[in-house]
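We name chains A, B, ... by the order of the sequence lines, and we start the count at 1 in each one. Everything numeric here is computed off the predicted structure, so don't read it as measured data.
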There are 2 protein chains.
Amino acid sequence: MESNPNIVGVASLIGDPSRAAMLMNLLGGEALPAGELARVARITPQTASSHLAKMVEGGLLVHEFCGRHRYYRLANAEVGQALEALNAIALPKKIRSLRESDQSKTLRFARTCYDHIAGEVGVALTDRLISLGVIEESGRDFSLSQEGLARIRNFGVPVEDLQKTRRHFARQCLDWSERRHHLAGSLGAAVTGRLFDLEWISRIPGGRAVRVTREGFKGLEAEFGIKLRR
Amino acid sequence: MESNPNIVGVASLIGDPSRAAMLMNLLGGEALPAGELARVARITPQTASSHLAKMVEGGLLVHEFCGRHRYYRLANAEVGQALEALNAIALPKKIRSLRESDQSKTLRFARTCYDHIAGEVGVALTDRLISLGVIEESGRDFSLSQEGLARIRNFGVPVEDLQKTRRHFARQCLDWSERRHHLAGSLGAAVTGRLFDLEWISRIPGGRAVRVTREGFKGLEAEFGIKLRR
DNA sequence: GCACTACTTTGATAAACGCCGAAGTGTGGA
DNA sequence: TCCACACTTCGGCGTTTATCAAAGTAGTGC
């Protein structure tokens with residue numbers, strides 16, 4: 001009677017301490033190298049490699065080659081949601097304190113993902129850049145239009161310098177809390193850096209959460225037409 | 001720093017073939033006796049008993065005594081959602097027989113996901129409620145509009161009572177067969193309950209599949225403008 | 001070419017866990 | 001009271017699998 005999908009496979013993949021540790025570290029949406037994942041799971045690289053291969057095989061992760069590094073990331077937003085759903089039922093009945101719920105909201109609103117901005121703000125910015133014709137979805141990346149280049153440079157980001165680096169220029173990065181993509185790569189990092197320089201956003205100490213300043217709300221609306229609630 | 005990696009416990013519980021078979025049979029939301037669960041998992045009662053104890057311990061199931069029988073059911077709606085979410089990312093398994101294919105089709109068309117309706121019908125209803133302006137996507141929940149509240153109450157669901165409960169009011173639940181979201185939470189459950197009361201849908205014995213009655217087809221079209229094939 | 005780094009493959013080991021037979025507990029009916 | 005039934009607990013057996021050491025592959029820089 002047991003019907004279609006092979007829920008057993010994915011669940012047992014997630015149900016191993018080392019693999020779960022790696023998955024939790026990938027929940028930010030960024031891609032991480034195998035060695036880094038081995039470190040966070042506290043296992044040797046060869047063991048990690050075996051786990052990673054299984055998770056790719058099982059459709060949880062995808063890998064990207066980049067020189068002698070191998071970057072792994074969650075295969076899609078559904079994987080992130082499944083992990084979140086498991087997290088929801090895993091929490092021991094410990095009552096979710098208001099404090100914790102607040103932290104979670106803050107994190108969903110705006111956070112750094114590696115070195116670029118993610119969460120509601122990150123996705124809103126990315127969406128707006130698309131609808132303004134600055135960037136355009138192009139496979140796993142974004143491409144920057146001619147007008148877009150001018151606009152971004154005008155915003156204070158030295159675009160030309162970025163394109164020289166070996167790093168991916170404008171990557172799509174999975175945002176699991178919004179189930180959408182946001183702008184990553186060297187362009188995403190540079191834009192985010194500019195937001196910090198302008199003091200439109202500032203780090204909330206002790207984590208990855210980010211606060212949008214009063215000038216930030218005004219600036220984002222004036223410069224890009226982004227209206228944020230709150 | 002990493003928050004509760006207790007996800008491992010629940011995931012490894014689900015990641016066993018016998019336990020997964022039992023859980024899938026409980027996804028309909030009904031309570032089943034231990035013996036029946038042993039049968040569907042094709043294991044001896046003593047093995048099943050051990051599994052069931054672990055799942056209760058792990059917070060996936062609750063048990064109710066009834067004479068010399070012991071009924072088990074899913075602990076809460078979140079468990080159902082997690083199972084659906086895992087289904088959504090699980091690679092489809094090869095279908096062996098025509099019979100199995102038929103069952104699968106029926107399940108894809110309409111089924112209960114713990115206590116609310118899922119499948120093609122569940123998603124169609126949810127979509128229609130959105131386009132009618134009754135509900136609106138809002139983060140990982142739905143929000144109910146003023147007109148929506150009136151409309152739902154008019155449909156025979158005591159909305160005000162639901163909002164008092166501690167449970168999530170209108171949750172988005174990932175639908176594995178449609179790869180979309182359907183309405184869950186106490187509102188989803190109440191609407192589904194109303195559909196059962198009106199006899200627009202009825203359970204197909206022996207599983208979580210649901211049949212849409214002749215009145216159901218007519219009613220769903222008249223009340224919401226939902227046109228279902230078949 | 002050579003060393004260095006990042007990662008994978010192979011093979012062996014040890015621990016974990018699902019499984020069933022046998023025996024135990026508690027309920028319901030004659 | 002006795003037996004049937006539903007389920008659980010206990011003890012052992014066997015398979016699965018996570019783990020690391022050692023060796024292999026491939027990209028990078030001198």
Side-chain angles (χ1 to χ4, degrees), chain A residues 2 6-26 30-73 114 164-168, chain B residues 5-26 30-75:
Chain A
E2 91 184 91
N6 186 13
I7 186 178
V8 174
V10 282
S12 60
L13 280 176
I14 302 170
D16 170 83
S18 306
R19 286 193 292 256
M22 300 194 218
L23 288 168
M24 292 316 248
N25 272 272
L26 289 169
E30 66 249 80
L32 295 175
E36 172 72 9
L37 291 169
R39 202 186 54 77
V40 299
R42 299 171 194 280
I43 51 179
T44 59
Q46 57 268 37
T47 304
S49 181
S50 143
H51 284 312
L52 291 167
K54 284 173 192 168
M55 291 194 280
V56 169
E57 172 79 15
L60 294 180
L61 303 182
V62 290
H63 61 285
E64 303 162 353
F65 299 86
C66 179
R68 55 184 163 182
H69 293 270
R70 214 152 185 164
Y71 283 87
Y72 289 84
R73 43 189 281 275
Y114 238 4
K164 288 174 197 157
T165 65
R166 197 164 304 171
R167 182 174 172 191
H168 282 280
Chain B
N6 203 0
I7 184 177
V8 174
V10 282
S12 61
L13 281 175
I14 302 170
D16 170 82
S18 307
R19 286 194 291 257
M22 299 194 219
L23 288 168
M24 292 315 255
N25 273 271
L26 289 168
E30 292 167 314
L32 294 175
E36 172 72 9
L37 291 169
R39 200 185 55 76
V40 300
R42 301 173 193 279
I43 50 178
T44 58
Q46 59 269 35
T47 304
S49 181
S50 145
H51 284 312
L52 290 167
K54 284 173 192 167
M55 290 196 280
V56 169
E57 172 79 15
L60 294 181
L61 303 182
V62 291
H63 60 281
E64 302 161 354
F65 299 86
C66 179
R68 55 183 162 179
H69 293 270
R70 213 152 183 168
Y71 283 87
Y72 289 85
R73 56 185 184 79
L74 297 188

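Ion pairing between B:Arg39 and B:Glu36 holds under the 4.0 Å rule for side-chain N and carboxylate O.
Rounded to whole Å, atom C1' of D:dA4 lies 12 Å from atom NE2 of B:His69. Between A:Leu37 atom CG and D:dA18 atom P the separation is 17 Å, expressed in whole Å. D:dT8 atom C1' lies 14 Å from atom CD1 of B:Ile43, rounded to whole Å. When rounded to the nearest whole Å, the span between CE of A:Met22 and C1' of D:dA18 equals 11 Å. Counting to the nearest Å, the P atom of D:dT25 and the CZ atom of A:Phe65 are 16 Å from each other. The separation between B:Met55 atom CE and D:dT8 atom C1' is 15 Å, rounded to whole Å. Rounded to a whole Å, the CZ atom of B:Arg39 is 18 Å from the P atom of D:dC5.
Taking the six-membered ring where tryptophan is involved, the planes of A:Phe65 and A:His63 are perpendicular, since the angle between them exceeds 60° and thus also 30°.
Checking the phosphate oxygens (OP1, OP2) of D:dT17, no side-chain nitrogen or oxygen of A:Lys54 falls inside 4.0 Å. Taking only side-chain nitrogens and oxygens, B:Tyr72 never comes nearer than 4.0 Å to OP1 or OP2 of D:dA6. In terms of phosphate contacts, A:Thr47 brings no side-chain nitrogen or oxygen within less than 4.0 Å of OP1 or OP2 of D:dT19.
In this structure, of D:dT19, D:dT8, D:dA6, it is D:dT19 that holds the atom nearest to the side chain of A:His51.
Remark: of the listed residues B:Leu60, B:Val62, B:Leu23, B:Leu37, B:Leu37 is the sole one forming a side-chain contact (heavy atoms from CB on, under 4.5 Å) with B:Tyr72.
When heavy atoms are screened at a 4.0 angstrom cut-off, B:Ser18 is found touching the sugar-phosphate backbone but no base atom. Counting non-hydrogen atoms under 4.0 angstrom, A:Arg19 reaches the backbone sugars and phosphates but no base. Note on A:Pro17: nothing from the nucleic acid sits closer than 4.0 angstrom, heavy atoms only.
When atom types are taken as modelled, the side chain of A:Asn25 and the backbone of A:Ala21 share a donor-acceptor pair closer than 3.5 angstrom. Proximity of a side-chain donor or acceptor of A:Arg19 to a complementary backbone N or O of B:Val8 within less than 3.5 Å is not detected.
Nearest heavy atom pair, residue A:Ser18 against residue A:Ile43, reads OG-CG2, 3.7 Å. Between B:Gly15 and A:Ser12 the shortest heavy-atom distance is O-CB, 3.4 Å.
You can see that DNA chain C meets the heavy atoms of chain B within a 4.0 Å-exclusive cut from C:dG18 to C:dG28, reading 5' to 3'.
If A:Arg68 and A:Gln46 are placed on DNA chain D by their nearest nucleotide, the residue sitting closer to the 5' end is A:Gln46.
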